[in-house]
Structures are given as C-alpha cells and as structure tokens.
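This report concerns only the one structure given below.
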Amino acid sequence: MQVATQPLTNLFLRALYYNVQRLGLHIHPYLQKTIRPLSASQPSSCSLVLGYLQLLFWSRVNDRESVHPSALMSSIKEWMHLVFDPSPLGLAIAIILALSIPIFLHTVVFRASGLTTLPTILLIGPSGSGKTALLTLFERENKPATTHTSQAPLTAECSLPVDTVAASNKYRSVNDPTNQVHKKFLLVDTPGHGKLRHHAFQNVTNTSNLRGVIFVVDATTLGAGEEGLREAADYLHDLLIVMQKLMGEGKSSKAPKELPILIAANKMDLFTALPAALVKSSLEREITKVRVSRSKGLLDSGVGLGDEQDEEKDDWLGEMGSEDFKFSQMEEFDISVEVAGGNVLGADGASTESWWRWKIGALRYNIHEAEIAVGKIGRKPRVAMELRRLKMTTIDVESLEKEGEKKESGAQAVSRKKRKTRDGKRGKIEISEGKEVINLDGSSTEDETASETESEDGGPARKKLKSSTEPSTPSQAKKDLEKIRTFKVLKVDWYYDSVKAGKILPMDGYLVYEGRPVQEPAQDLISTNASPPSRGSDILARAVADAKSSPSTAYMKHGNARYHKPTKSVTRPTHLLHQTTSEHDDPEKFPPLPDYLTKLYSCERPTPLHSPNDEFINLLKKIKTARQLNSDAIGVRAYSTLIASIAAYPYKLTSPTEVLRLPGCDQKTALLFQQYQQTGTLAEVTDVENDARMKVLLDFYNIWGVGDHTAREFYSRGWRDRDDIIEYGWERLTRVQQIGVKYYDEFLTPIPAAEVEDIGAVVLKEANEIIPGYQMVIVGGHRRGKPFSGDVDIMLTHPDPEATLNFVPLITDRLEELGWVTNVLQHSLANSARGQAPVAYKSPRPSGSGFDTMDKALVVWRDIRYDKAKHEKNPNIHRRVDIIITPWKTAGCGILGWSGGTTFQRDLRRYVRKVKDWKFDSSGMRDRRDGEWLDLEGSVVGWGEGKLREKEMKVFEMCGLAWREPWERCTG
DNA sequence: CGGCAT
DNA sequence: CGTAT
DNA sequence: GCCG
C-alpha cells in the first residue's frame, strides 16, 4: 500500500470504512458537522468514518468492554500512536476527539433503509444559466457538455463519489476500497424558459425524497437594474413560495424534513460576474421588490401561465410583516439558502467544489431513513430520550404488543414501572449530621456509567422481545407490525462481534430498543389504541404525547414568534359578543361599579384575598402560567392585569358585558367569561391541562431555581420528568437547582400561618441575640392574610443604621450554625448597589460609605425541634425562608415593597412613574429626573410600637395613594 | 403601534 | 436568567 | 392583551 505520502489517519479510516462497508453499513452523518473542522478538505466518507472512529476511541479509553475486533486492532494501534505522538495533527485530533466524545455516545452507525426512490436534487434556473451543463458535469464528473435549450425535464441518475477529493486524485491510493463506493441519486433538470416553469414547480411538489434544489443563475447578468436580475429574482421568488408552501404543509407525508436550496452563481470565471456575496444581497433586494409588487397583485400576469396564478395572491414569502426579504427568513420553514459561486466550464476542479460540498450535505443520510442505530446505550429510557432529541418519533414495539395482548385476553397490562432505582444518585447528595451537602464534583460520573452498563434492561435479557414471543398469541396488531419496518437500536457490541465473526450476527442479544417509526399523519391511529400518559416511562405514551403536542414546530411555521399563541380551542367560541338584551345583560341592572374600579393601577384599589369570582380567576391564572411556559411574557402581563382587576370586583359576575367594564378587560376577557359561564371551564385551560408537554414544563418550572426558560431547555434535551433531570443532567444543574430538585415536594408543601409566625419568632430572637433592638415584620403572602404560604418572608430592621449594615451574613451564619438553616441559596447585595445611604442611582456613587450591605438571604429552613425519643432523624420538612434586612430610614418602603402581590408591586411602580416620575423599589424611592433619593418617611420619628406601620402609611401618602391594608393588596 | 416594574 | 414582591 |  502506498503509505509514504498518506497520513496514517487516512489509512486507518479506509481500513475502518472497509469493514463498515462489508457489513453493509453506513455511518450516520449527522455527526458530520462536529467533525468538519478536521476533515473539511475531505468532506465525504472520511468524515463519516471519523464519526465512527470517535466511538472506538472512546470505548478504548474508557476500556470497559474488552472486546475489540481483531480486524481493527492493528489500525487502532496505529491510530493510538498517532494520537499520542506529539505531532500537531495528532494533538489536534486528540483534542477534537475529547471534545466531541459525549456526542458520540449515541447513535452512530446506520444501515440505509431500502429506499424505494433515490434521493433527488432538482436543478432549476432561468434559461441560459447553465443548468444542463451543470447536470452533465455532475453526471460525468468532469466534462460539461455544450449547451442546448432543454424542452422537457431531464433526469439523470448520478453517482456521487463518496470522496469528492478522490476526483482530483489527491489522496487516492490504488488499493483504496473507497474507490468503488458511490452513492446514487437523481438529478432532475428542469426547463428554464418562463413558459415551462410550472414543470419545475410541479417537480418540487411532486418529487418524493426530494433532498434539495439547486437554483442556477448566470452571475454575469445580475448587475443592478439588469433584466437578468429581475428575471432571476422573479423566478426565485416563485420557487421559494412553492417550497415554503410545501414545507408549510409540514406534517404532510410528502414534505421533507428540511429542504436546502443552493443558489449556484455560475460563470464566475468571467470578470463581469458578481461575487457570490453580492449575488446574494442583490437577489434579496430584488426579491423584496418582487414580494411587494406580488402582494399588490400588480405583477400577477407577468410570470407564467396557469396554476400559480389563482392561489398565489395571499401568499407572502418569508417573514410576515418584515420590511426586507432576507434568505435567512426561510429558515423558519426549514429551508436553508446557500449562495455559492462556481463555474461549470472552469478548468480547475476547485471552481465547483463548493457546489459539490453542498450537494453532499443535501444527500447525507438522516436518522429518519435509518433502520438500525448502534450506540453505547444500554437502557431503553435513554434510547427514548435520544430519539426524542433527534425528533425521531417511534412507537415502542413492545408496548404495542402489550396493547394487542390486552385487547385479546383482557388481561391487565403488567405495569411494571421500569424506573431504575436511583442508587446512582445517592452518591451525589450526601447527608452528614443532618446537614445536606450537595456534591458538585463530577466524581459520580463513573458510577453512573457503570450502572448504565450493568442495567437490567440491556443485554441478553431483552432477547425475548419479539422473536420469542412465539406465535401462540397471534394478535392481529402484532401481525400487522411484522410487516412494517422497524427502527432498532443495538448495542455497539453487535458491530464489534459481527466484525470479529466476519458476518452479520443475529441482533437478538443486542437489541436495546425496537420501535415503529411514526408516519406523520398517523395520529388518530395512535390515539385510538393508546392511553396517553399513565405509565411514567412508557415510550408509547411519550411518543403519543410528542406527536400531539408539538406546538413549537406546528405554529411557528407561520408568522414570527411574537404571534405564536397556542389558541387552539376545541370548542371555538363565537367571536363577537352576543348582545342579547336579557335582564342580565342590561348594563342598568349591574351593581354600581365602585369608583376604585375605574382606577387603572391595582395599587389604587383594595383587592381582597378572596373574591366571589375566584373560580374564574383560578382558570385565568392557569392561562397565565401557560403563557409563561410558552415564553409569552406580554401575555403574562396582560393576564396579570385582568386578573387583578377581576379580583378587585366585589360582586359575582353575571354577564360578559359586565366584565367589559373592568379595567384591563376587553372583548377577549368577556369571551372567556362567557365561555366560563356556559361551560364552567375554559377550553384553553382544558387543552393545556391535557397537554403532556405543558405538564412536563410545569413540573420543571416548579423546581426552585428553574424558570420558564430553563424548563423549556430541559424539555428540549428530551427530559420528561425530574428523574430524567437527575439521571442525565444532574451534573449540569446549578447548585440551587439541585437543592430545588431535592426538596421539590417539600418546597411545594404549603406552610400554615402558625408555622410562619413561629419561624419569624425564631429569626427575631436570634437576631436580637446578635444585636439587641431588632424589630421584625413578617411580610409576603402571610402579611396579606394567607392561611398558608409558599415561603416565609421575614423582614428585620433596626433603628441603628450601623446594626443593619452587613447584618445578613451574621444572621444566616448563626442560624446555619444552630441548624435552623440547612442551605443558603443566595446572599443578595441588591440594595447595596445603591447603598443604604441616599445616593443617586444614575451617577456613580461616592465610595466609602457602607455600600456592602447584603440586604437579603434566601435560605432553606428546617425546624430543629423534634421528639428525639420518637425519631432518629429530624422529621421536619424543609421550608423556603427569605430573610430581608432593611435600614430603618427606608423600612416603610421595604415593608411596602415586600407586602403586595406581584401585580400590586408592578402597578405601584408604574403609578409612581407616571404620576410622580419617581422610581420605586423596596430600598426606597428616587426621582427619575435627577436620580436623587427621596426621603418619604423621614417625618415619622421614633421607633416604638406601630412606627413601622406608620412609616409604610407615610409612603402611601407621599405617593398620593390611599392607604391599603396588606390584605387589600392581593392582586395575585 | 409602543409600552408593559424593579 | 434566576430570585423576590 | 390592553392602554394611551
């Protein structure tokens, strides 16, 4: 073999590739991206093989299985040499390997499914751009034919050399097994003439297994104002519309998952040609024009005959409401646009190289056509998770069988909840002397991997999955299944052992998971024979859930994200309010609207803890939460406002028109009320509650330390319950999130008012042990009169400003030492940013005067008192406690800022901004014009009993607000 | 159509 | 981006 | 989603 000039890597790759080939395998190229930096110069096969190599390397380093195919051993040795050889190349490779190892733990090798149709690429473009020449080039690899104007679509079966570089003979060796490897595909040329364009468009919509479109333009005719530019843009616009529509249909079986388009700027060799970047921008500019005139219907007749004319009118290319068209707007429809220059007739091979590369990308295998995946995954839930991440929806064959059996025998499905006992986790949360230590280092990874390999689900135990569930139970469902191809996940060992045996071994012992790919429009099929979410780790249920609730892809197709609203009401309410003049709807008959309810800001009106309309309000709160989880912050704002408004209404609502009178409520709110009145519930709430995704998001969102963003992030990783988080993501959680997960249930347990007061008393006592003279107010929900609280908010203040300075660490340390506080989640310096002292928030503060005060600590609390005779360990549950320290001079502001409901707080801030041009927060009030601190409560002197309440009242007064008792600030 | 608490 | 009200 |  010719070794001298070849890097060892290459040799090894080819050896490996040969083995892969012998087994009829293809490497899954979604790995390609990660490897590109290494193999950019040899795009195709080598990078694929490299992807596999990383797996070998990984298992070598982690040497857990001692199985190594002897056929590969020598190569591996060579490879290892290279890696440990301090050559720059070896080093670079080693680094890349190390970085990408986790990615390769999953699916790696795929066998191509028996596709009935070859992957197809369409060639489209105006006449004279050189399409046919390009076709011929690709077909023959080298010599473009001379031009002729094509009349009908021309199809050529082409072979893509797996290694493009091979064409230029750079790395080719005589014995190279990759020489013979070609991937076949169809290249369809379409006529360029305007009158024949419908052929091209029909091809886009009708071609099965369409992988991409190449739009060829003549770069010499694209100068500004030239007719060629206009024509090309025109054509491209219509083409993109067709593609957009196709992709927009989304779920239809025909639409590909993604549809890349290459704009091949031809004839770049001529000096009159526009550079590729310019081609792109001028096409974008021209398409913007086309788009505008199309939407006005002006150019309707200009384009072509027939089909597109009638339906075209209401179509808009790209992002709705966008001023300028950009190719990037097509991403939303999974259409990636790439512009690359080249030259069909060029002598040098590089002239069309970028086109080649694009084509290989478009033709790469994707998991959806795979039949077998091999990976280092031993357990089914993990497989399910990885598949979710790859958006590969399958139905577990095992669970389908169970369904079938159930139907026949009426036997119960043995719901053996297959969650692994979470022993692996114990290493992470250690309990020592009643004080929990969250172990943050990665030391437990080892166990996890180990427990993964030895898990009960993996290995031969799985053997009886399908083949051995013998014909004695000839369920029809099962028989149907046999006919449909399934997607199998096997342990890598199958590959190793196969190579060793020199033949493809039966998969029985290696099968980790077998599933039936879900054909997209098969939803009804699923929902009829499946009971969605009952079984926790049931892949079937998850597949169903996923199929049903994929709002992200479904809605996002149209318009921009801002208008993405999950308003998929099943029972669609009438869109206009019926104005039947029954006595209930007669505005005259409504109870008089209290004058405070004409007020726009919720801080201007009393809002009691309970309202006659609590039931309706609770439904609205659920919609609000749904808005939050769907990243619609503005929707949250809107619902907060209207909830606060309704909560302040002292009468039971009787009609939708009555709702319209309330501030923050409008048509939409009235309709919601109407629906509530008629059905006793709200369709959107029902939808949300039945939505598996929303359930999961809510569960995550309820973890302390996890907000809506992170909840969605967890979901997108494929996690579906807290166990998934613990199993797959524990090391990546922040410390407080780990605590949040650990005490999930305890933190959600309501705290009775008496316990709240008890905790307050303990904190006050200990504060006074440090510095006597402290005063304490329990703020938060408890102060508003809630019989149960979610957490405890203790505000401490002291007449002496020196006492409150830097007090938070003192008190938390003491409480921690005494054992009341088990964890400090967060020490906050929020107030210190502006300081205890009056200081302009705009101008940089003068240094030196006590700005290092920590004003609050968020801690985990547990009562240390328990009956030691009865219990060995402390049985009390963990509580969330906030300890807030405020200097005396702003204590009124502090208490006010910590006592109102969220909406009350917002509206208070909005109010002082609008009415006074002030800026309020719990550390005080400032003037927005000059940033000066305003002393609102200085007129209250002394520090005796009742002074704090007086100070708070003073703040209301100075703001021009009527006093509201804390229990009148329950805005929700 | 911009703004929406700090 | 999380927390607090 | 409502207000100015």
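The structure displayed is predicted, hence computed values, not measured ones. Below, chain A is the first sequence line, B the second, and so on; all start at residue 1. What's counted below: heavy atoms across the whole structure, side chains too, no hydrogens, waters or symmetry copies.
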For this session: Specify whether A:Trp963 and A:Phe956 have parallel, tilted or perpendicular ring planes, treating 30° as the upper limit for parallel and 60° as the lower limit for perpendicular.
Result: perpendicular
For this session: Find the distance A:Leu600:CG to B:dA5:C1' and express it as a whole number of Å.
Result: 16 Å
Problem set entry | Length of the line joining A:Leu672:CG and D:dG1:P, which is rounded to integer Å | 8 Å
Exercise. Nearest-Å distance, CZ (A:Arg784) to C1' (C:dT5)?
Worked result: 7 Å
Exercise. Rounded to whole angstroms, how far apart are CE on A:Met795 and C1' on C:dT5?
Worked result: 10 Å
Seminar exercise, completed: Among the nucleotides C:dG2, B:dC4, D:dC2, whichever has the atom closest to the side chain of A:Thr669 is D:dC2
Exercise. Of all the choices, C:dT5, D:dG1, C:dG2, which nucleotide is nearest to the side chain of A:Gln826 once you look at every atom?
Worked result: C:dG2
Exercise. Given atom CZ of A:Arg913 and atom P of B:dG3, what is their separation to the nearest angstrom?
Worked result: 10 Å
Exercise. Tell me: CZ of A:Arg910 to P of D:dG4, nearest whole Å?
Worked result: 9 Å
Exercise. Base, sugar-phosphate, or nothing for A:Ile884, non-hydrogen atoms under 4.0 angstrom?
Worked result: nothing
For this session: Determine, for A:Tyr744 and A:Arg722, whether the Lys NZ or Arg CZ falls below 6.0 Å from the six-membered ring centre while staying within 45 degrees of the axis.
Result: yes
Exercise. When you measure from the side chain of A:Thr710, which nucleotide among C:dG2, D:dG1, C:dA4 comes out closest?
Worked result: C:dG2
Exercise. Considering only C:dG2, C:dT5, C:dT3, which nucleotide approaches the side chain of A:Leu858 most closely?
Worked result: C:dT3
Exercise. Is the shortest side-chain N/O distance from A:Trp704 to OP1 or OP2 of C:dA4 below 4.0 Å?
Worked result: yes
Exercise. Using a cut-off of 4.0 Å on non-hydrogen atoms, how would the nucleic acid contact of A:Asp793 be classed: base, sugar-phosphate, or nothing?
Worked result: sugar-phosphate
Exercise. Is A:Glu965 atom CD crowded by more than 12 heavy atoms from other residues, nucleotides or ligands, each under 6.0 Å away?
Worked result: yes
Exercise. Rounded to whole angstroms, how far apart are NZ on A:Lys668 and P on D:dG1?
Worked result: 4 Å
Problem set entry | Integer-rounded Å distance: B:dA5 C1' and A:Asp917 CG | 15 Å
Exercise. Which of parallel (below 30°), tilted (30 to 60°) and perpendicular (above 60°) describes A:Tyr649 and A:Tyr651?
Worked result: perpendicular
Exercise. Think A:Arg637 has a side-chain N or O under 4.0 angstrom from the OP1 or OP2 of D:dC3?
Worked result: no
For this session: Before giving the answer on ring pair (Phe, Tyr, Trp, His ring centres under 6.0 Å), spell out for A:Trp704 and A:Phe747 the whole-Å C-alpha distance, their side-chain angles and the decisive distance to 0.1 Å.
Result: CA-CA 8 Å; A:Trp704 201 92; A:Phe747 285 173; 7.3 Å; no
Problem set entry | Span that lies between the P atom of B:dG3 and that of C:dT5, in whole angstrom | 29 Å
Exercise. For the side chain of A:Trp898, counting heavy atoms from C-beta on, which of C:dG2, C:dA4, D:dG1 is nearest?
Worked result: C:dA4
